[in-house]
Amino acid sequence: MWRATVLTIFPEIFPGPLGASLAGKANAKGLWSLAAVDIRDFAADKHRIIDDTPAGGGPGMVMKPDVLGRAIDAVAADDRPRLLMSPRGAPLTQARVRELAHGPGIVAVCGRFEGVDERVIAGRSLTEVSIGDYVLSGGELAAMVVIDACIRLIPGVMGKEASAAEESFSAGLIEYPQFTRPQVWEGRDIPPVLTSGDHGKVAAWRRAEAERMTKERRPDLWEAYRTRKDYKAPPKR
Ligand code: SAH
């Protein structure tokens, strides 16, 4: 079973959206598990203090390394990667998600306030992971994003394994447009090729559309895709 342990000062936020829909059903089926650990339980004083003012001055508070260290140590030592949600980390990619999903699970530490004491990052070998170049008020939503993205790739979670293979980023492209009934909606048709029953033509159309949209919307991804060693331009239609 793929296991997620989240260290947070707001354990009541979990499972939140991870308890619904695909993730919730997969959890009920025993395909993954979630434990939310309250960092405050590891405070040493009666006020359960987990933060203190930044050394050197400045605004806000910093999460204490002693409390956080004890909380991390209370999570059974195993070979799950220990992640710290952090805007300074490497931005999460689908490739990283795939790697994490195929491993034993994750331990995710959620920061709050100005973040965590630098020494606990080194002392507990935390790998910083960012979900994008913007600042959240806490790591909980980021941890949920990482966990949600991983869960859907755990074998048996998604109906058809194929649905993960074709979607955005898997092949370095964003996904082709999707349509469903009715055939005509407000005067707009489903592209006829999709209802032609010709699987070869459908596949060629989808690939061309995925490439067109990637080129238009994500020139960064397109450049990486186009220059890949195994890239073959599609045949002219
Ligand atoms: N002072 C920090 C921001 C702290 S935000 C800085 O400037 O870098 C508080 C917490 O929210 C962080 O410790 C982190 O756990 C979480 N967080 C904020 N933005 C995030 C992001 N883009 N990705 C992942 N976690 C984030």
Side-chain angles (χ1 to χ4, degrees), residues 1-54 59-78 80-89 91-92 96-97 100-101 103-118 120-121 123-132 134-154 157:
M1 186 188 345
W2 195 87
R3 290 164 57 230
T5 300
V6 182
L7 281 71
T8 168
I9 58 169
F10 295 111
E12 66 275 17
I13 296 179
F14 292 87
L18 299 173
S21 191
L22 195 76
K25 281 185 203 141
N27 180 259
K29 275 202 242 165
L31 293 173
W32 72 284
S33 72
L34 174 69
V37 173
D38 190 349
I39 294 168
R40 241 178 244 289
D41 289 346
F42 299 88
D45 64 307
K46 75 171 198 293
H47 300 293
R48 311 223 299 158
I49 289 172
I50 48 94
D51 58 342
D52 206 338
T53 55
M61 297 297 271
V62 176
M63 291 175 76
K64 288 161 62 58
D66 49 346
V67 179
L68 197 48
R70 279 195 294 273
I72 294 168
D73 293 344
V75 177
D78 52 28
R80 286 180 296 166
R82 290 201 283 226
L83 311 179
L84 171 65
M85 301 302 113
S86 161
R88 304 191 312 192
L92 190 67
R96 187 75 199 287
V97 167
L100 292 172
I106 62 168
V107 176
V109 178
C110 304
R112 278 274 160 180
F113 322 116
E114 291 310 314
V116 309
D117 187 301
E118 192 72 22
V120 81
I121 302 176
R124 291 297 178 274
S125 314
L126 303 181
T127 304
E128 294 178 67
V129 174
S130 168
I131 63 158
Y134 40 80
V135 180
L136 304 167
S137 50
E140 290 77 9
L141 284 170
M144 285 181 184
V145 166
V146 175
I147 294 168
D148 181 87
C150 288
I151 290 168
R152 52 197 297 292
L153 297 187
I154 297 170
V157 171

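Nothing fancy with the numbering, it's 1 onward along the sequence.
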inquiry  = Filter on salt bridge (charged side-chain N to carboxylate O under 4.0 Å, His left out), then keep only pairs touching residues 62-78, sequence neighbours left out; what's left?
reply    = R3-D78, K64-D66, D73-R124, D78-R80

message = Less than 4.5 Å apart, side chain to side chain, heavy atoms only: is that true for I131 and L136?
response = yes

key: With sequence neighbours excluded, residues passing salt bridge (Lys or Arg N to Asp or Glu O under 4.0 Å) with D38   = R48

inquiry  = My understanding is that only residues two or more places apart in sequence, or in another chain, count here; which of them pass salt bridge (Lys or Arg N to Asp or Glu O under 4.0 Å) with E118?
reply    = R88

Which atom of C150 lies closest to which atom of A101, heavy atoms considered = O-CB, 3.5 Å

ask   = Please walk me through it: do I9 and D51 pass side-chain contact (heavy atoms from CB on, under 4.5 Å)?
value = CA-CA 11 Å; I9 58 169; D51 58 342; over 6 Å; no

note = For G89 and S130 the tightest heavy-atom approach is O-CB, 3.5 Å

ask   = Backbone N or O of L100 within a donor-acceptor pair of the W2 side chain at under 3.5 Å?
value = yes

ask   = Would you say the side chain of I72 lies within less than 4.5 Å of the side chain of V107, judging by non-hydrogen atoms?
value = no

Spacing of CZ belonging to F42 relative to CZ belonging to R40, to within rounding of 0.5 Å = 13.5 Å

message = On a heavy-atom basis, which atom in L34 and which in N27 lie closest, and how many Å separate them?
response = N-ND2, 4.2 Å

key: Distance-minimising heavy-atom pair for I39 and C110   = CD1-O, 4.2 Å

side-chain contact (heavy atoms from CB on, under 4.5 Å) evaluation trace for I147 with V6 = CA-CA 10 Å; I147 294 168; V6 182; 3.7 Å; yes

query = Looking at residues at least two apart in the chain, or sitting in another chain, which of them share a side-chain contact (heavy atoms from CB on, under 4.5 Å) with D117?
reply = V62, P65, R119

query = With side chains defined as the heavy atoms from C-beta onward, is the minimum distance between V120 and M63 less than 4.5 Å?
reply = no

task = Take M85 and V146 through the side-chain contact (heavy atoms from CB on, under 4.5 Å) test and state the conclusion after the steps.
result = CA-CA 9 Å; M85 301 302 113; V146 175; 4.1 Å; yes

query = Roughly how far, to the nearest 0.5 Å, is CD1 of I151 from CH2 of W32?
reply = 3.5 Å

query = salt bridge (charged side-chain N to carboxylate O under 4.0 Å, His left out): which pairs involve residues 134-146, sequence neighbours left out?
reply = R112-E140

ask   = Looking only at heavy atoms, what is the nearest atom pair of S33 and M1, with distance?
value = CB-SD, 3.3 Å

ask   = For A149, which residues count as a side-chain contact (heavy atoms from CB on, under 4.5 Å) partner, sequence neighbours excluded?
value = V97

query = Any idea which heavy atoms bring G111 and V116 closest together, and the distance?
reply = CA-CG1, 4.2 Å

task = Show the numbers, then the answer: is there a side-chain contact (heavy atoms from CB on, under 4.5 Å) between T53 and M61?
result = CA-CA 5 Å; T53 55; M61 297 297 271; 3.8 Å; yes

